[in-house]
Protein chains: 2
Amino acid sequence: MFQERIAVPKRVNHEIRRRQIGEALLRIASARGLQSASMREVAAEAGVSLRLVQYYFHTKEELLLTSLAYLGERLATRVENHIRALGPVTPRNIVYGTLTAILPTDAESLDLTRAYTGYYTLVFTDPDLTTRHGATYPDKVERLLAMQLTAAQQAGQIDATLNPETIAAGLLALTNGLGSSVLGGQRDGAAALRILIDHIDRLFKP
Amino acid sequence: MFQERIAVPKRVNHEIRRRQIGEALLRIASARGLQSASMREVAAEAGVSLRLVQYYFHTKEELLLTSLAYLGERLATRVENHIRALGPVTPRNIVYGTLTAILPTDAESLDLTRAYTGYYTLVFTDPDLTTRHGATYPDKVERLLAMQLTAAQQAGQIDATLNPETIAAGLLALTNGLGSSVLGGQRDGAAALRILIDHIDRLFKP
DNA sequence: GCTTTGATGATACAGTCGTATCAAGAAATG
DNA sequence: CATTTCTTGATACGACTGTATCATCAAAGC
């Protein structure tokens, strides 16, 4: 316990390095798929040696989980920015901003969606990873949507007989399904956005 | 051209063998994920030697594509059976039967959904596979739904101001999104089914 | 300047992958 | 019975995987 430090060594922000490497993985995941993200490929993409990747992430699972957390952060800040950019913070704008932020309509959201679907099938294959992941992002989004829908009902903007949780789950599932169709090349982001907006508009016009 | 056949050899139905092997791959894909479906694992699952898998499928891509075709057939027959089981062939029953057949509510539909999502991420990674795949199943389903919705409009069962293609795309995306949430463990098949039915009911009650 | 930490390099290990090649046995039909 | 096809077995190849181990070098701060 009496560990005397005679000299203070080179200091480097570990969080920055880990983020640099983790985002290299996310780039690979969205460009070539998560299964192409080997330790060596990640190192090359990050412009760093394989040894350093092992230095900051003792195992690949740790790299995978940490990068997933970064991905969640990026999606969350994108949602916030989208909502903020809409101006007045109304229930309708929150719902609209959240869903349109998730939908792959531009390069950033396309990257996010691609990376997320890569993780999605990985989690479905290895359920242990889900346990260690913990925070289920969709659940939080759904609760947020349900709250705003309830507020909209109280403001008389939505049919009051509807069940907010059911509608919220449906809206998120619709958005995710539309995103999948974009990734599958069935339609482009603009077409998907039109479909989503059409549904939101019908919901908010009783 | 004058190839005289002195003796007729052992005859085996190649299609049956290929199906046997292909469905072994689908079992692995839905149980442990498509990336766990190596040639050796497929051979073991099919109760057959690795050499025989190579004998009936010269390359893995051929095995993958053929199995995907089998998967499509199984989904198509499930949809047909679901529609038929509903009794009267009305537009509403066709829409309802199609979507509820796709949704993972029982063991079979869960297997189908799991296997399909495995292929989904594979296709998104390797676009060449999409090209050689050809038939885009979702497009056909969407057109079928749009036709039935149009018929329902003409019969006065649905708001005539709605765009059938938009509604059809939305319904299919909703169903797929709900299926993803079931696979992700966010809710069970029964809860997803309730949400889907709720949306269909609201659509058919103007 | 010395010590600690960050970073690289080369290399190795045991697996698994798809694919290929050899020989040889089993079955069915003319 | 002979011939053709089906089927297995063992084995090998090169490539890739995650992980590990060596030594070495650069940088920063006391």
Side-chain angles (χ1 to χ4, degrees), chain A residues 2-22 24-25 28-29 32-68 118 121-122 125-126 128-129 132, chain B residues 2-22 24-25 28-29 32-68 118 121-122 125-126 128-129 132:
Chain A
F2 289 89
Q3 186 174 359
E4 24 180 337
R5 305 175 49 107
I6 302 181
V8 173
K10 181 179 178 183
R11 298 298 302 153
V12 165
N13 192 330
H14 278 221
E15 184 56 26
I16 289 183
R17 278 280 178 281
R18 288 166 64 90
R19 248 198 168 72
Q20 171 185 351
I21 297 174
L25 180 141
I28 296 177
R32 282 170 285 162
L34 197 55
Q35 78 278 36
S36 299
S38 66
M39 300 287 274
R40 288 166 178 85
E41 294 252 13
V42 171
E45 173 70 28
V48 114
S49 67
L50 166 62
R51 189 61 190 82
L52 201 68
V53 178
Q54 294 182 285
Y55 182 79
Y56 282 100
F57 299 94
H58 303 82
T59 171
K60 187 179 184 183
E61 185 186 29
E62 185 184 340
L63 170 59
L64 243 23
L65 286 175
T66 306
S67 303
L68 178 56
T121 56
L122 188 70
T125 289
D126 178 13
D128 306 342
L129 199 135
R132 288 186 287 277
Chain B
F2 291 89
Q3 186 175 357
E4 24 179 339
R5 304 172 53 108
I6 304 180
V8 173
K10 182 179 178 181
R11 299 297 303 154
V12 165
N13 192 330
H14 278 221
E15 184 57 24
I16 288 183
R17 278 280 178 283
R18 287 166 65 90
R19 249 198 168 74
Q20 170 186 351
I21 297 174
L25 180 141
I28 296 177
R32 281 169 285 162
L34 197 55
Q35 79 276 44
S36 298
S38 67
M39 299 286 275
R40 289 167 176 86
E41 293 251 12
V42 170
E45 174 70 26
V48 115
S49 69
L50 166 63
R51 188 60 190 80
L52 201 68
V53 177
Q54 293 182 286
Y55 181 79
Y56 283 100
F57 299 94
H58 303 83
T59 171
K60 186 179 184 181
E61 186 186 29
E62 185 183 339
L63 170 59
L64 243 24
L65 286 175
T66 306
S67 303
L68 178 56
T121 56
L122 188 70
T125 290
D126 178 13
D128 306 341
L129 198 134
R132 287 185 288 274

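In the text below, chain A, chain B and the rest are named by the order of the sequence lines, each starting its count at 1. Note that the coordinates shown come from a computational prediction; the quantities given were computed from them, not determined experimentally.
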Report task. Check Gly33(A) against Thr125(B) and note the closest heavy-atom contact, atom names and distance. Result -> CA-OG1, 3.8 Å

Query - Which residue lies more 5' along DNA chain D, comparing Gln54(A) with Ser36(A) via nearest heavy atoms - result: Ser36(A)

Query - Spacing of Gln35(A) atom CD relative to dC17(C) atom P, expressed in whole Å - result: 15 Å

Query raised in the report: Nearest of dA7(C), dC6(D), dC22(C) to any side-chain atom of Arg51(B)?
Result: dC22(C)

Report summary line: When rounded to whole Å, the CD to P distance for the pair Glu41(A) and dA15(D) reads 16 Å

**Report entry** d(CG, Leu52(B); P, dT19(C)) in whole Å
**Finding:** 16 Å

Report task. Return the minimal non-hydrogen interatomic distance between Val42(A) and Ala24(A), and the atom names on each side. Result -> O-CB, 3.9 Å

Query raised in the report: How is Tyr56(A) classified with respect to the nucleic acid when contacts are heavy atoms under 4.0 Å: base, sugar-phosphate, or nothing?
Result: sugar-phosphate

Query raised in the report: So which nucleotide from dG9(D), dT19(C), dT19(D) ends up closest to the side chain of Met39(B)?
Result: dT19(C)

Query raised in the report: In whole angstrom, what separates Leu25(B)'s CG from dG18(C)'s P?
Result: 10 Å

Requested in this report: Answer yes or no: does atom NE2 of His14(B) have more than 12 heavy-atom neighbours from other residues, nucleotides or ligands under 6.0 Å?
Outcome: yes

Report task. Specify the separation, in whole Å, of atom CD of Glu61(A) and atom P of dT17(D). Result -> 19 Å

Report task. Measure from CG on Leu64(B) to P on dT19(C) and round the result to the nearest Å. Result -> 10 Å

Query raised in the report: dG18(D) phosphate, OP1 or OP2: any side-chain N/O from Thr59(A) under 4.0 angstrom?
Result: no

Report summary line: When rounded to whole Å, the CD to P distance for the pair Glu62(B) and dG18(C) reads 15 Å

Report summary line: Lys60(B) has its side chain closest, among dG18(C), dA20(D), dT17(D), to dG18(C)

Query raised in the report: According to a strict under-4.0 Å criterion, is Ser38(A) in side-chain N/O contact with OP1 or OP2 of dT17(D)?
Result: yes

Query raised in the report: Considering heavy-atom distances to DNA chain C, does Val48(A) or Ala37(B) have its closest nucleotide positioned more toward the 5' end?
Result: Val48(A)

Query - Residue whose nearest DNA chain C nucleotide is more 5′ - His58(B) or Tyr55(A) - result: Tyr55(A)

Query raised in the report: Ignoring hydrogens and angles, does a donor from either the side chain of Arg40(A) or the base of dG18(D) sit under 3.5 Å from an acceptor on the other?
Result: yes

Query raised in the report: Atom CZ of Arg17(B) and atom P of dT5(D): how far apart are they, to the nearest Å?
Result: 16 Å

Query raised in the report: With a 3.5 Å cut-off and no angle check, do the side chains of Arg17(B) and Gln20(B) form a donor-acceptor pair?
Result: yes

Query raised in the report: Any idea which heavy atoms bring Leu34(A) and Ala29(A) closest together, and the distance?
Result: CD1-CB, 3.5 Å

